[in-house]
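A, B, ... follow the sequence lines: proteins, then strands. Residue 1 opens every chain.
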Amino acid sequence: METKDTAASACSCSASAQAPSCGCDAAVRSPAEIRTTDSTITPANRLDHFAARWGWKRESHRVVPGLYRLGNPSTESPVFASANYTLSFDALRSALAGFDAWILVLDTKGINVWCAAGKGTFGTDELVLRIQSSGLENIVSHRKIIVPQLGAPGISWPEVLRRSKFLMEFGPVRARDLSEYLKTHKATPAMRRVEFPLWDRLILIPVEFVHVAFPMVIVAAVLWVLAGPVAALAVVSAVLAGTALFPALLLFIPTQDFSTKGLILGGVVAIPFAVVFGTNPLLPGWANAAGAATALLVIPAVVAYSALNFTGATTFTSRTGVKKEIFRYVPLMAVMAVVGSVAGITLGVSRLLGVI
Amino acid sequence: MFKSEEVHQNLEAKKNPSGFFDSYSETSLKYDPDRCINCKRCTQVCPHAVFAEGNEHAELANPASCMECGACAKNCPVQAIEVQSGVGCAWAMIGAALRGKDMDTECSCGGDAGSCCGQSEKTGCGGK
């Protein structure tokens with residue numbers, strides 16, 4: 001009742017230019033406008049998805065939160081909750097092609113459902129707030145809302161029921177299973193499982209790489225000048241191994257720990273460089289040893305560190321485990337990087353000074 | 001504490017006696033089947049089939065697969081499940097450790113102040 005009232009007497013400030021100075025809570029008091037959407041993914045949508053995958057304008061892949069009409073929904077039509085990240089919302093609306101439904105978009109600050117649930121923004125409070133501010137109970141006659149399964153870390157169904165009278169139903173993990181799910185409203189075990197298949201890993205490579213591309217170019221350029229093109233190539237190889245090869249090969253590299261997987265992959269990548277640096281007939285034995293040691297210590301350390309950081313992007317690593325990994329391996333990585341760098345710097349300085 | 005914790009850990013110990021090169025064999029998940037009312041919500045929300053349906057109560061079928069997302073505990077109406085949830089985000093945890101802050105509170109993506117994924121600007125969580 002209260003919700004209907006606030007919805008009708010929309011906060012006067014919300015549409016004005018002085019909105020920031022207005023004390024009203026926009027989320028609660030904005031008018032319960034119902035927007036319309038459809039299931040078509042346009043070329044512009046695809047461009048937006050592509051940009052999102054490359055981390056381009058990270059904050060801008062958002063849809064306006066609130067209630068949406070998909071197709072021609074009635075008071076009996078199902079209600080689906082989604083995040084206001086374009087990739088999430090578009091996955092849902094395109095999966096519901098041919099259905100008449102309501103979509104309630106939560107304000108997750110442009111973050112996907114699972115991450116937002118982990119952070120609590122795709123959460124009980126926000127869902128209850130959106131149910132109330134949209135006036136949903138006057139729009140549909142039933143009291144059910146279908147929430148994506150991966151929203152569960154943020155949303156507590158008993159709490160939502162108590163506070164909004166809406167009973168939550170956990171839909172499948174993937175929106176593309178919805179049409180099958182909606183036949184019986186029962187998910188098969190496969191629909192409930194999160195996997196991390198090759199394509200899901202490959203699609204993360206751009207954003208992983210973009211993060212380190214600039215520092216990589218700088219370091220490679222500096223090393224090219226100081227130590228030659230092979231050293232520059234070693235830097236690029238280490239970074240590409242850590243950000244691209246590692247996600248691709250994740251499940252094929254032996255051992256469970258990401259750090260040890262990274263050390264193994266880095267070790268393999270380092271071998272050719274160790275051979276090149278370690279077999280220079282013009283240099284004395286110790287210099288060859290220092291060159292090989294630099295490659296064999298620094299490259300695996302860099303790849304292992306990237307590998308460890310990839311845990312944050314995977315679908316299965318636990319906090320307890322990642323913490324254990326940090327304490328077990330980060331000191332080792334640091335020692336390897338320092339000793340390897342000292343060997344490399346000693347070698348470089350010796351050459352610059354004409355000692356060798 | 002829950003009595004099943006012991007059972008859980010023994011089970012894990014058998015599976016991987018050394019825990020060598022496997023930091024993920026133990027988790028903070030605790031389950032008390034005696035409290036379970038068999039509502040099956042945990043089996044619906046778990047993305048790794050850690051819980052399986054049982055006759056009397058849910059079964060802890062696959063505890064080593066737990067990623068501590070916290071979905072089960074959050075949606076258990078009788079608090080039969082406990083887990084220290086949070087995103088295993090090494091980036092933010094290492095950052096917190098280097099700044100001398102507590103790794104647990106600093107990287108708690110589950111809490112209101114959590115900003116793990118946001119700070120590292122990663123898509124994270126499989127980009128779903």
Out of B/Ala73, B/Cys69, B/Cys72, return the one with the most heavy atom pairs under 4.5 angstrom to chain A.
B/Cys69
B/Cys46 versus chain A, the contacting section by heavy-atom distance below 4.5 Å:
backbone
For A/Asp48, give me all partners under salt bridge (charged side-chain N to carboxylate O under 4.0 Å, His left out), at least two apart in sequence or on another chain.
none
How far apart are the closest heavy atoms of A/Tyr329 and B/Ser23, and which atoms are they?
CE1-OG, 4.3 Å
Quick check on the interface: out of B/Cys76, B/Ala49, B/Ala97, who has the most heavy-atom pairs with chain A under 4.5 Å?
B/Ala49
Which atoms of B/Cys66 are under 4.5 Å from chain A, going by heavy atoms: the side chain, the backbone, both sets, or neither?
backbone
A/Thr124, part contacting chain B, at a heavy-atom distance under 4.5 Å
side chain
Specify the closest pair of heavy atoms between A/Val212 and A/Val239, including all atoms of both residues, with the distance to one decimal.
CG2-CG1, 3.6 Å
Name all residues meeting the salt bridge (charged side-chain N to carboxylate O under 4.0 Å, His left out) criterion together with A/Glu169; count only those two or more places apart in sequence or in a different chain, and write none if there are none.
none
Which answer fits A/Pro158, side chain, backbone, both or neither, if we ask what part of it has an atom under 4.5 Å from a heavy atom of chain B?
side chain
Go through the steps for B/Glu26 and A/Thr320 under the test side-chain hydrogen bond (donor to acceptor under 3.5 Å, both in side chains), then give the verdict.
CA-CA 8 Å; B/Glu26 282 171 31; A/Thr320 302; over 6 Å; no
Examine whether an atom of A/Phe122 lies under 4.5 Å from a heavy atom of chain B, and if so say whether it belongs to the side chain, the backbone or both; otherwise answer neither.
neither
B/Tyr24 and side chain to side chain donor-acceptor pair (under 3.5 Å): which partner among A/Gln256, A/Lys324, A/Glu325?
A/Glu325
